[in-house]
Amino acid sequence: MVKSYLRYEQAAVFGVIVSVDSNITYDSSGKHLLAPALEKVGVWHVRQGVCTKTLIPAVPTKGHSLSVTSIASSHTSLVASGYADGSIRIWDSDKGTCETTLNGHKGAVTALRYNKLGSMLASGGKDNDIILWDVVGETGLYRLRGHRDQVTDLVFLDYGKKLVSSSKDKFLRVWDLETQHCMQTISGHHSEVWSIDSDPEERYLVTGSADPELRFYTIKHDMEDGQSISNVSGTEIVNGGDPPTQNKWEVLKLFGEVRRQSKDRVATVRFNKSGNLLACQVAGKTVDVFHVLDEAESKRKAKRRVHRKKEKKSAKGAPEVMENGDTNRGAGEDGNSLVVTVPDVFKLLQTIRASKKICSISFCPNTPKSSLATIALSLNNNLLEFYSVESNATTKTHAVELQGHRSDVRSVTLSSDNSLLMSTSHNAVKIWNPSTGSCLRTIDSGYGLCGFIFPNSKYALVGTKGGTMEIIDIGSGTSIEVVEAHGGSVRSIAAIPNENGFVTGSADHDVKFWEYQFKQKSAQDSKQLMVSNVRTMKMNDDVLVVAVSPDAKYILVALLDCTVKVFFLDSLKLFLSLYGHKLPVLCMDISSDGDLIVTGSADKNLKIWGLDFGDCHKSIFAHADSVMGVQFVRNTHYMFSVGKDRLVKYWDADKFELLLTLEGHHADVWCLAISNRGDFIVTGSHDRSIRRWDRTEEPFFIEEEKEKRLEEMFESDLDNAFENRYAPNEEIPEEGAVALAGKKSKETITATDSIIDALDIAEVELKRLAEHEEEKSRGKVAEFQPNIVLLGLSPSDYVLRAVSNVQTNDLEQTLLALSFSDALKLLSYSKDWILHPDKVELICRVVTLLVQTHYNQLHSTPAARPVLGALTEIHPRVKECKDIIGYNLAAMEHIKQVKASKSGALFQDAKSKLQEIRAQHSKRLETKTDLREENGRKRRRKNKNSSDVHVRLFDK
């Protein structure tokens, strides 16, 4: 009989507040902050410091490539997140649901930006391309090519008619989105341009790079009559009243530069929503906040500067003034000759200094009453900080830090009843509820390398890098004692079964045996845990791991010399030496029945040994990097191993077979812990995440899993071969070239196959219908039996159903894969489809794409003429639909005007009105509670005063 196993699947991820691969951003309301957390996006309530929602992709892709790399929020509830595999997901942040998935980039998405209306999304990626997406239609519009390196940032200008892109190729490009071409290329930067942004009024555009200065450009706008104007008056020098000569394609004109204080490269530049502040975040610990002066203030500042310069010159003497003609002209009293420079507009206001390196910043869209702005910072140590920017200082208001470790999770330990989970890091120990993922306690400690929770679950022990053991009271969340245990780092702690004792192994070559008991120090104190050293065993090399057999008969010690020594626990005499590993053993475990030992090493191998004779049963090449942890499931010979290759693997130690490979971690996996019943396992990683994997009721077989793994390897090899053959990496795009937005994928190929199958089935059915009609005309009347595969639909409706099932974003690539004969068949059905009023938009897209793609062949093929003639019937139907939509829009506009005239207030969207009513209601509730509290305080004060009077009268 074939043996079946139960599958383990990822059930929870916790411990990650913010990851370093992506930016943070506020949502449109300003109440929530969207923070990347590896493969998911966390929606944090800023005031409460709680993660209210988590945006997780429903179907995770295979491999380690699903980390979030970019986030953008629109003025509505929609949020876009870009991923390392090139996909983009549009989320509704209110509902927490994924609206659509857009596939177009071949590399990680590095930049996302919505236009002001939120109807269009621009994305840039590591594949050097920019793609414009229709958010409403959920489809790609076109791809802009021209950059020679990764696109780093994007900005819409001129009400979404133009787009500015920056890249690591040191160039800025201005794209005209109406004609889809590059209209201006700006050079001048000496290093990669990392970030760009424009103020809300689109007066200035600022760029940040590794250059020691920030560059500013003035933005020229097109008027309706074809003339061009700049939003910044006073920046152009008017000489003798003649207008300056300007290139009509010149949208950005260099305004000037401001020297930065930091030597680190610029990571992000952002204006706040009102446009009066500019933040420049460098790839270090500082953020420079500039005050942006308006036009009148900047002119006054320029006048003062010119006046001071004039006074200095006149003080030195008249002949010296006349030497420099330009300066003297600039110092004239005529307002037209005044030159406004960058320092007149941008003034350094404050510098925010964080405790660690800053990864990303975001301004809150709501301006608080007490300060100029609120700015959120994400740090590279898994921390969110919020600062209030004032005119004279910046103050840190609060931080989100308790829900995760500041660095790697080095060890995880479960309590005996599996109700508590302890994790250690470089400066703290955290106690978690493993079922919910909530952090219960945080205790400051040394660099914890290993841990142990005592059987009563009231105390825990942590072995540190400094050689100490810290005893922790879990209930109070405090460290009650620090024991100087070893002269080197404590690498391993192992409990002695059925005894009040444990063993520690250290880099000082010692293995120490300890006893613990609960004692009262004095009559008033409660019982406390006391530990004492009982025995010490000297070894010849650093001790890396210690383990005790379940019957407490043997102790196993793994040394730095790549061997494992087995001693009798009572006499400490050597029983066995296990040789075979080429590099040191980093982890080991003994099965519950005491028959098997498993060791994992830095040589990437697992070795399974028999404890009776010390013979090696099997050596398995387990991981692509060092094996960091291995443990048996209790009462079985199944085991889990984790390694630096980011994988968790499930093995059968009797059959020496790999059962499952669990993917999910984004960095080296350091440790694991298995529950007593084996119903879940917990792993900790360098990516600071703690993941819980639950055992499900779904059975699987070894052979099926092997076939799946082989298929995945085959498919990945095919994909790589296809990309290498048909899309060479050395391809250099044309200057400002335009291409299709989508990309060929497994989904598009499957969709093409389904359309071809539907066409074949429909063709067979039409032939059957024709034969039936012919027989009917001959007088042979028989009832026609339709094909049940068509699900009761007509042949044309069945083909339309197959086309409708294709994702909107994949339609372009799906139709491109059709042959000319299949495209002709598809076009022949269009005259029947046009009778469906709800499918007019889809039909127009299909017909347009097919005619554009196969235009030459259609033009030269006589058989295609009837089909093309039938397409003329589509136009009146489209015009009819257009008229209906136009009529409805006009009617809605009329209703809006009527409502506005009746109410005497501006027409407002029902949703925003509802939000306002809720906000007013909550304010009223807050006011009422404040009044209740104030009245309560007054009553208490009054009662106290009256009681004091009574006491005084009684005393008298």
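If you read the sequence from its start, that first residue is 1, and numbering goes on from there.
Of all the heavy atoms in V867 and A863, the pair that sits closest is CG2-O, 4.5 Å. Shown here for A758 and V799, the closest heavy-atom pair between the two residues is O-CG2, 3.8 Å. Contact detail for E39 and G664: the closest heavy-atom pair is OE1-O, 4.4 Å. Closest of all the heavy-atom pairs between F700 and L659 is CE1-O, 3.6 Å. Of all non-hydrogen atoms in S28 and T76, the two that sit nearest each other are OG-O, 3.1 Å. The shortest non-hydrogen separation linking I131 to G104 is CD1-C, 3.7 Å.
No side-chain donor-acceptor contact under 3.5 Å links S19 and D21. Side chains of W651 and S641: a donor on one and an acceptor on the other come within 3.5 Å. Remark: the H147 side chain and the N128 side chain contain no N/O donor-acceptor pair separated by less than 3.5 Å. Between the side chains of S77 and D92, a donor-acceptor pair is found at a separation under 3.5 Å. Under 3.5 Å, the side chains of W91 and S81 contain a donor-acceptor pair of N or O atoms. Under 3.5 Å, the side chains of D797 and H836 contain a donor-acceptor pair of N or O atoms.
At least one donor-acceptor pair under 3.5 Å links the side chain of S22 to the backbone N or O of S70. D134 places a side-chain N or O within 3.5 Å of a backbone atom of G137 that can act as its donor or acceptor partner. A donor-acceptor pair under 3.5 Å is formed between the side chain of S675 and the backbone N or O of G678. When atom types are taken as modelled, the side chain of N115 and the backbone of S119 share a donor-acceptor pair closer than 3.5 angstrom.
One finds the CG atom of D129 at 7.5 Å from the NZ atom of K106 (value rounded to the nearest 0.5 Å). Atom CG of L889 and atom CD1 of I884 lie 12.0 Å apart (nearest 0.5 Å). Summarising the geometry, atom NZ belonging to K649 is positioned 11.5 Å from atom CG belonging to L660; distances are rounded to the nearest 0.5 Å. In this structure, D652 CG and I702 CD1 are separated by 6.0 Å, a value rounded to the nearest 0.5 Å.
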- Message: Determine whether C844 and V840 satisfy the following criterion, side-chain contact (heavy atoms from CB on, under 4.5 Å), listing intermediate values before the conclusion.
- Response: CA-CA 6 Å; C844 289; V840 171; 4.1 Å; yes

- Query: Under the side-chain contact (heavy atoms from CB on, under 4.5 Å) criterion, do R801 and L791 qualify, and how do the steps go?
  - Reply: CA-CA 11 Å; R801 179 176 172 273; L791 307 173; 3.5 Å; yes

- Message: Let's go through R646 and S685 carefully: what are the C-alpha distance in whole Å and the side-chain angles of both, what is the deciding distance for side-chain hydrogen bond (donor to acceptor under 3.5 Å, both in side chains) to 0.1 Å, and is it a yes or a no?
- Response: CA-CA 8 Å; R646 312 177 183 183; S685 168; over 6 Å; no

- Task: List the steps and the verdict of side-chain contact (heavy atoms from CB on, under 4.5 Å) for R691 and I681.
- Result: CA-CA 8 Å; R691 293 173 191 262; I681 72 163; over 6 Å; no

- Message: Quick one, T748 with L811, criterion side-chain contact (heavy atoms from CB on, under 4.5 Å). Give me CA distance, side-chain angles, the key distance, then yes/no.
- Response: CA-CA 8 Å; T748 61; L811 186 64; over 6 Å; no

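Each ring pair (Phe, Tyr, Trp, His ring centres under 6.0 Å) pair with one or both residues in residues 839-861, not counting sequence neighbours, appears once here: F820-H854, Y855-H859. Listed by first then second residue, pairs satisfying ring pair (Phe, Tyr, Trp, His ring centres under 6.0 Å) with a partner in residues 863-883 number zero, not counting sequence neighbours. Residue pairs meeting the salt bridge (charged side-chain N to carboxylate O under 4.0 Å, His left out) criterion with at least one partner in residues 878-892, sequence neighbours excluded, are R877-E880, K879-D883. Among residues at least two apart or in separate chains, side-chain hydrogen bond (donor to acceptor under 3.5 Å, both in side chains) pairs with a member in residues 802-814 are S804-K839. Pairs engaging residues 101-145 under the ring pair (Phe, Tyr, Trp, His ring centres under 6.0 Å) rule: none recorded [sequence neighbours left out].
Two residues are said to be in side-chain contact when any heavy atoms from C-beta on lie closer than 4.5 Å; L38 and S689 meet this criterion. Contact annotation: the side chain of L816 never approaches that of L818 to less than 4.5 Å [non-hydrogen atoms, C-beta and beyond]. Contact check for T853 versus L815: no side-chain heavy atoms found under the 4.5 Å cut-off. Counting heavy atoms from C-beta on, the side chains of I620 and E657 never come closer than 4.5 Å. Between T861 and L858, the closest side-chain pair of non-hydrogen atoms is not below 4.5 Å. For the pair W693/V682, no side-chain contact is recorded, criterion being any heavy-atom separation below 4.5 Å from C-beta on. Residues I88 and L112 are in side-chain contact: their nearest non-hydrogen atoms beyond the backbone lie under 4.5 Å apart. Looking at heavy atoms from C-beta onward, K53 lies out of side-chain contact with V41 at the 4.5 angstrom threshold.
Residues passing the side-chain hydrogen bond (donor to acceptor under 3.5 Å, both in side chains) test with Q150, sequence neighbours excluded: none. Listed by chain and residue number, F640, Y650 satisfy the ring pair (Phe, Tyr, Trp, His ring centres under 6.0 Å) test with Y8 (two or more places apart in sequence, or in another chain). For R692, the salt bridge (Lys or Arg N to Asp or Glu O under 4.0 Å) partners two or more places apart in sequence, or in a different chain, are D694. Residues meeting the salt bridge (Lys or Arg N to Asp or Glu O under 4.0 Å) test with R709, sequence neighbours left out: none. Residues forming a ring pair (Phe, Tyr, Trp, His ring centres under 6.0 Å) with F14 (at least two apart in sequence, or on another chain): W432. Residues passing the salt bridge (Lys or Arg N to Asp or Glu O under 4.0 Å) test with R677, sequence neighbours excluded: D679.
Residues E711 and K708 are not paired through a salt bridge, judged by the lack of any N-O separation under 4.0 Å between the basic side chain and the carboxylate. The pair E698-R7 counts as a salt bridge, with a side-chain nitrogen and a carboxylate oxygen less than 4.0 angstrom apart.
Both tests hold for R89 against Y83: distance to the six-membered ring centre under 6.0 Å, angle to the ring axis within 45°.
Annotation for E773: atom CD counts as buried by contact number, over 12 foreign heavy atoms lying within 6.0 Å. Heavy atoms from other residues, nucleotides or ligands lying under 6.0 Å from CD1 of I788 number 12 at most.
Screening M120, K116, K161 for a side-chain contact (heavy atoms from CB on, under 4.5 Å) involving F156 leaves a single residue, M120. Screening T69, T110, V109 for a side-chain contact (heavy atoms from CB on, under 4.5 Å) with K126, the sole residue that qualifies is T110.
Annotation: Y638 is in aromatic contact with Y5 [ring centroid separation under 6.0 Å].
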Identify every side-chain donor-acceptor pair in residues 822-829 under 3.5 Å, counting partners at least two apart or on other chains, and give the distances.
| residue | atom | partner | partner atom | Å |
| --- | --- | --- | --- | --- |
| D822 | OD2 | S819 | OG | 3.1 |
| K825 | NZ | E763 | OE1 | 3.1 |
| S828 | OG | K825 | O | 2.4 |

